Amino acid sequence: MITTVLALGLAAPANAQESYPFQNPDLSLSKRVDDLLGRLTLDEKISLLHQYQPAIPRLGIKAFKTGTEALHGVAWTSDASGNQLLAKGTVFPQAIGLASTWDPELIKQVGRATGVEARGYHATNDERMLWGLNMWAPVTNLLRDPRWGRNEEGYSEDPTLTGAIATAYGKGLQGGNPKYLLTAPTLKHYLAYNNDDGPAGSGLDRDTTDSQVPERVLNEYDREAFRPTLAADAATGVMTSYNLVNGRPATVSADLNTVVRSWTKKPLFHVTDAYAPGGLSESQKYYANDAEAFAAVVKSGNDSFTIGNGDNSRTVNAIKNALAQGLLTEADIDAAVRDALSIRVRLGEFDPDGGPYAKITSSVIGNTAHKKLARQTAADAQVLLKNSGILPLDAAKTKKVAVVGPLAKVLYRDWYSAELPYKVTPVDGIKERLGSSGSVTDSEGADRIALKDVGSGKYVTAGTGDGGALLKATAATAGATEQFDVFDWGQGIVTLRAVANGKFVGRYNWGSNFANDQSEPNGWFVQQIFKLEKQDDGNYLLRYAGYEKAYGWADPSTVYAKVADDGTLQLATKADATKFSKEVVSSGVDEAVKAVTGADTAVVVVGSNPWINGREDHDRTTMVLAEGQEELVKAVRKANPNTIVVVENSYPTTLNWEQANVPAILWTTHAGPETGHALADVLFGDVNPSGRLTQTWYKSDADLPSMFDYDIIKSNRTYLYYQGTPLYPFGYGLSYSTFRYGTPRLSAGQVGAGGTVTVSVDVTNTSKVAGDEVVQLYTHQRTSRDKQPVKQLRTFAKVHLGAGQTKSVQLRLKAADLAHWDVTRGNWVVESSSYDVLIGSSSADIRQRTTLRVNGEKIPARDLLKTTQAITFDDYSGAKLVDESKAAGTAVGGATGDWIKFADADLGSGLKGFNARTAKADAGDGSVQIRLDGANGPVVGTVSVPSTGDKYTYRDVTAAVTGATGRHDVYLVFSGDLRLSTFSFTK
């Protein structure tokens, strides 16, 4: 080791206080990592595989923790015991809102502000193991299905837009220094993760569902959510997802060391999701024990174990056992540790001065500039869905505004949000904007009720004071302490807020009682939700709907409230439940109507509670607006024709009645403490709305296939393949300005497969109001061997135009970006074709079009004489993609009647034989029939598939083929439960 140090021109250190080569910022990254890796003992290396990397005092190495949540601002972290610690800095709009700006430069600023505040939290040694600099953001999973609970965390259903926004946010988080990282962003969650529940009645959950992703979807869609950001060096690794992908847990995806690392020359540091390593041998039962599972994690290219919170014993013991059993080598450990050290060097961890970002202090947290940025972003993220001329409001003429609805006077954070340091609600923002020249009336539109035990005649009473009390049915009359405001969140789910102290009712301290002690619904297991179930006699049962009741460890039968002998409300079975009469003290609809009657304008703020209406671990089952909220909108619209509906949620919503009957509709996500300011800015025209939808908004739940169908091509999912007419299309959003598009000009009418064309189009603001237009360029491939999207976003530009101003917008289109995955040869192909170049204001509002000729290649007929992977099929029915082995590879699994199709195969003058590599776990023979031009077409051969005793044990089988000549679609039809890896024909 002394020789190494002297060779680098440095004196050998006598102790940890002197410098080592790994501490020398003038050396290359690889030399610094090599030096430090060579100084570590095996035990020290193993310790660095855990989320909580301990200090190594003898080398002057401090402790390091992966995983600070930073989805839309620094959100939270966990201590070594797993306790969540909320940040209190700048909160930006939810991720779906960030993307709705369609403004990468703005989002880069948001990322930078978030990274700077992360450094602020990290600034003192006391905070190092709490507020680490490895950020678990952004989420780049594509929003394939709007019912996904985590829709709020993603950006778009489109990979191009997702890549642009994620790259911008990631670059902001990284800080822009070519050598050092402000923070180290980690992309979540690799791969094909779009459901947090399993199919009803299946017993499956998000960690046991298997995302079936055929080759084209895998390459053109799901991987494309991650590739652009990593290829732009705007992220430092990925977090693997909980689910299985094509039969293999994503935690041990073979992509990590191969496909993902091929996208960049920079070292990457991959991490597991929380507790996922343990799931490999527990819920997933993929490996027999931790030694096998944890070894597979390391060998797959996952570098850090997120399990056990601050206790690394399970990780350390499993890795040591794996080494002892020969499942791992020290070289495997070195590869993972090298990735961990590379990130720490780039963060300035080992520099004597801590690197260029070490001087950032906590003074940056929530500073004035960041608040201003949050307000701007919250305004720019809003999407104007409808405007019949009512907007913008004229403050000089608008003297009386009524703001009503369940979200009018409150702001909610979400699971990945910091604590809101202050709150400007919609009512607050509008009051401030009107000032003394106008007045604002408000109503939450919530029914105020009292519940009376039918048997005893006693009313349910809540506690006064901040801490509330256990609910008891003891009062003879319904005074203020016996009254509750009921908020409707849809499908019968309500929250009950006690008038006694303004706190929500929930299960108390995981016991059998209920108390009014929570300021808002909260927690991983939300325990402040109920249903009021009307009975045939007109009375009600109070049903507890807390999230934990969906889990096997919770008793699903004790979900009703009964009045115990001491008067307290307790969990009970339905048979023991108490019947209550529901007395409406005041009607929320009536109160709202009273507030809006006579107002110049009525603003109805409806939407979701982000703790209740879908979030991590809880998908939605419908896109409809809560029934009570829609009733409120209808009543307000009837009472006041100048009604504006503000929808504040994180998901596409079916607003058919509202679109047909309400003068104006504005959508905003939950946008943080500046929501009210931003809303007022847009309503009164201080900000011209420029947000655009990043997802298709459908008219009905019936427009969507199964949530668990990941094959967007076959199921015609997302705007790329959807055949219907949506409520609001992808890219849609109105402005207070109007824009005219000129005739587009191409720098060349045709290009080769490696060429680039510049598309120029003049855009004119034809109004008297300055505004921003999002110019969107789509393409459609006219001819192809394969099914192509209806249209696909290729690039876009957000352009500011003054009143009457014209700008020439330049959009670069690379022919290589028109490539799709050729299943016949397993690579990207740019086909020779004419491509429609479509330019407009949304995917449905195409203003101009032209044609580009691309001279690429023609996909030849399939050559099935070559060894062909079964997974390269063109179509399928019933068949599943399965893990060929636990380590790598994908095969096709089929049962009787299932089939896979290989289109346009050139069989020549005749085939004589068929060879296949198959596996069959159960006893007895199966078979694969070879048919032409249809699953019921003529049979030209049948191969018998014997049992191999194990699904991972493959055997080569052969069969004769007759009557197979010329060009045909070849179908392989399964009989029996078997697996097919590869096949080929012989002449």
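Quick caveat: nothing in here was measured; it's all calculated off a predicted structure.
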Novice: I need the Asp222 CG to Asn141 CG distance, nearest 0.5 Å.
Specialist: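 Answer for the CG-CG pair, Asp222 versus Asn141, is 8.0 Å.
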Novice: With heavy-atom distances below 4.5 Å as the criterion, would you say the side chains of Trp148 and Met707 are in contact?
Specialist: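 The answer is yes; the side chains approach within 4.5 Å.
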Novice: Looking at Gln174 and Ala235, would you say the former's side chain and the latter's main chain have a donor-acceptor pair under 3.5 Å?
Specialist: yes
Novice: Considering non-hydrogen atoms only, spot the tightest contact between Pro228 and Gly163 and give its length.
Specialist: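 The answer is CB-CA, 4.1 Å.
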Novice: Using the test side-chain hydrogen bond (donor to acceptor under 3.5 Å, both in side chains), find all partners of Thr743 that sit at least two apart in sequence or belong to another chain.
Specialist: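 Thr743 satisfies side-chain hydrogen bond (donor to acceptor under 3.5 Å, both in side chains) with no other residue.
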Novice: Is the shortest heavy-atom distance from the side chain of Leu777 to the side chain of Val837 under 4.5 Å?
Specialist: yes
Novice: Verify, without hydrogens or angle tests, whether Asp703 (side chain) and Tyr698 (backbone) share a donor-acceptor contact under 3.5 angstrom.
Specialist: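 Not confirmed, Asp703 side chain does not pair with Tyr698 backbone.
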Novice: For Lys171, is there any backbone N or O sitting under 3.5 Å from a side-chain donor or acceptor partner on Lys108?
Specialist: no
Novice: Using a distance-only test with no angle check, is there a side-chain donor-acceptor pair under 3.5 angstrom linking Asn246 and Thr890?
Specialist: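 Judged by distance alone, the side chains do not pair up.
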Novice: Checking the side chain of Tyr651 only, and the main-chain atoms of Met623 only, is there a donor and an acceptor separated by less than 3.5 Å?
Specialist: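 Checking the backbone N and O of Met623 against the side chain of Tyr651, no donor-acceptor pair under 3.5 Å is found.
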Novice: Closer than 3.5 angstrom, by distance alone: can the side chain of Thr258 be matched with the main-chain N or O of Ala254 as a donor-acceptor pair?
Specialist: yes
Novice: Just wondering, do Val245 and Tyr710 contact through their side chains at under 4.5 Å, heavy atoms?
Specialist: no
Novice: So, taking the atom named CD1 in Ile713 and the one named CD in Gln788, what distance separates them when rounded to the nearest 0.5 Å?
Specialist: 8.5 Å
Novice: Does a side chain donor of either Thr806 or Asp762 reach within less than 3.5 Å of an acceptor in the other side chain?
Specialist: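 Result is no, nothing qualifies.
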Novice: Looking only at heavy atoms, what is the nearest atom pair of Val892 and Ala879, with distance?
Specialist: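 So the two residues come closest at CG1-CB, 3.8 Å.
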Novice: OG1/Thr824 to NZ/Lys866 distance, rounded to the nearest 0.5 angstrom?
Specialist: 9.0 Å
Novice: Check for a donor-acceptor pair, side chain of Gln212 on one end and backbone N or O of Leu881 on the other, with a separation under 3.5 Å.
Specialist: yes
Novice: Output yes when a side-chain donor or acceptor of Glu220 lies under 3.5 Å from a complementary backbone atom of Trp821, and no otherwise.
Specialist: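 Such a contact is found between Glu220 side chain and Trp821 backbone.
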Novice: Quick one: do Val829 and Arg785 satisfy side chain to side chain contact (heavy atoms under 4.5 Å, CB included)? Show the steps, please.
Specialist: CA-CA 11 Å; Val829 59; Arg785 175 196 183 275; over 6 Å; no
Novice: Quick test of your reading of the model: are Glu773 and Arg692 salt-bridged, counting only N-O distances below 4.0 Å?
Specialist: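 Arg692 and Glu773: salt-bridged.
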Novice: Can you list every pair that meets ring-ring contact (aromatic ring centres under 6.0 Å, His included) and has a residue in residues 797-819, with sequence neighbours left out?
Specialist: none
Novice: Please examine the side chains of Asn151 and Pro652, heavy atoms only from C-beta on, and report whether any two atoms are closer than 4.5 Å.
Specialist: yes
Novice: If every non-hydrogen atom of Val682 is compared with every non-hydrogen atom of Tyr736, which pair is closest and at what distance?
Specialist: O-OH, 2.7 Å
Novice: If you look at every heavy atom in Ser841 and Arg847, which pair is closest and at what distance?
Specialist: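 Nearest pair, atom of Ser841 first, then Arg847: CB-NH2, 3.8 Å.
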Novice: Sequence neighbours left out, what pairs pass side chain to side chain donor-acceptor pair (under 3.5 Å) with at least one residue falling in residues 156-167?
Specialist: Glu157-Thr696, Asp158-Tyr719, Thr167-Thr229
Novice: In terms of side-chain geometry, is the basic nitrogen of Arg620 or Asp701 positioned less than 4.0 Å from the acidic oxygen of its partner?
Specialist: no
Novice: Any chance the side chains of Ser833 and Thr783 put a donor and an acceptor closer than 3.5 Å?
Specialist: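 The answer is yes; a qualifying pair exists.
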Novice: Check side chain to side chain contact (heavy atoms under 4.5 Å, CB included) between Ala861 and all other residues, then give those that pass, not counting sequence neighbours.
Specialist: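 Here the qualifying residues are Asp904, Asp906, Arg967.
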Novice: Does Asp969 come within less than 4.0 Å of Lys901, counting only side-chain N to carboxylate O?
Specialist: yes
Novice: Any chance you could measure Leu720, atom CG, to Arg144, atom CZ, to the nearest 0.5 Å?
Specialist: 13.0 Å
Novice: Quick one: does His968's side chain have a donor or acceptor within less than 3.5 Å of a partner on Asp933's backbone?
Specialist: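 Checked: no pair found.
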Novice: Could I get the full list of ring pair (Phe, Tyr, Trp, His ring centres under 6.0 Å) partners for Tyr190, not counting sequence neighbours?
Specialist: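 So Tyr190 forms a ring pair (Phe, Tyr, Trp, His ring centres under 6.0 Å) with Phe226.
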Novice: For the CG atom of Asp711 and the CG atom of Asn716, what is their distance to the nearest 0.5 Å?
Specialist: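 Answer rounded to 0.5 Å: 9.5 Å.
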Novice: Where do Val751 and Ala815 come nearest, in terms of heavy atoms and distance?
Specialist: CG2-CB, 4.0 Å
Novice: Compute the ring centroids of Tyr722 and Trp697, then answer whether they are less than 6.0 Å apart.
Specialist: no
Novice: Taking the side chain as every heavy atom from C-beta outward, state whether Phe730 and Tyr778 have any atom pair closer than 4.5 Å.
Specialist: yes
Novice: Using 4.0 Å as the upper bound for N to carboxylate O, is an ion pair formed by Arg825 and Glu857?
Specialist: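 Salt bridge present between Glu857 and Arg825.
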Novice: Taking side chain as C-beta onward, heavy atoms only, is Asp772 less than 4.5 Å from Asp380?
Specialist: no
Novice: Just how far is it from atom CG of Asn688 to atom CG of Asp681, taken to the nearest 0.5 Å?
Specialist: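 Answer rounded to 0.5 Å: 12.0 Å.
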Novice: For a quick test of your reading: what N or O donor-acceptor pairs under 3.5 Å do the side chains of residues 662-669 make, sequence neighbours left out?
Specialist:
from   : atom 1 : to     : atom 2 : distance (Å)
Trp667 : NE1    : Asn649 : O      : 3.4
Trp667 : NE1    : Asn649 : OD1    : 2.8
Thr669 : OG1    : Gln94  : OE1    : 2.5
Thr669 : OG1    : Asn649 : O      : 3.4

Novice: Report the C-alpha separation of Leu818 and Gln781 in whole Å, then their side-chain angles, then the decisive distance to 0.1 Å, and conclude whether the side chain to side chain contact (heavy atoms under 4.5 Å, CB included) test is met.
Specialist: CA-CA 8 Å; Leu818 303 175; Gln781 186 174 339; 5.8 Å; no
Novice: Between Asn765 (side chain only) and Gln805 (backbone N and O only), is there a donor and an acceptor less than 3.5 Å apart?
Specialist: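 No.
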Novice: Looking at side-chain heavy atoms only, is the closest gap between Glu105 and Asp103 below 4.5 Å?
Specialist: yes
Novice: Strictly by modelled atom types, are Asn243 and Ser241 linked by a side-chain donor-acceptor pair under 3.5 Å?
Specialist: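 A donor-acceptor contact under 3.5 Å links the two side chains.
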Novice: Ion pair present between Lys714 and Asp875, side-chain N to carboxylate O less than 4.0 angstrom?
Specialist: yes
Novice: Check for a donor-acceptor pair, side chain of Thr694 on one end and backbone N or O of Tyr155 on the other, with a separation under 3.5 Å.
Specialist: yes
Novice: Going by heavy atoms in the side chains, are His820 and Gln792 under 4.5 Å from each other?
Specialist: no
Novice: Just by distance, with hydrogens left out, do Ser808 and Gln810 show a side-chain donor and acceptor under 3.5 Å apart?
Specialist: yes
Novice: Please name the pair of heavy atoms, one in Gly733 and one in Val383, separated by the smallest distance, quoted to 0.1 Å.
Specialist: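 Reported closest heavy-atom pair: CA-CG1, 3.8 Å.
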Novice: Before you tell me yes or no, could you show the steps for Thr738 and Ser767 under side-chain hydrogen bond (donor to acceptor under 3.5 Å, both in side chains), namely the whole-Å CA-CA distance, both residues' side-chain angles and the distance that decides it to 0.1 Å?
Specialist: CA-CA 5 Å; Thr738 55; Ser767 72; 4.6 Å; no
Novice: Under 30°, 30 to 60°, or over 60°: which ring-plane class applies to His189 and Tyr193, parallel, tilted or perpendicular?
Specialist: perpendicular
Novice: Does Lys768, at its NZ atom, have more than 12 non-hydrogen atoms belonging to other residues, nucleotides or ligands within less than 6.0 Å?
Specialist: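 Check fails, neighbour count at 12 or below.
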Novice: Side chain to side chain contact (heavy atoms under 4.5 Å, CB included) between Leu373 and Leu106: does it pass, once the steps are laid out?
Specialist: CA-CA 9 Å; Leu373 180 62; Leu106 176 64; 3.7 Å; yes
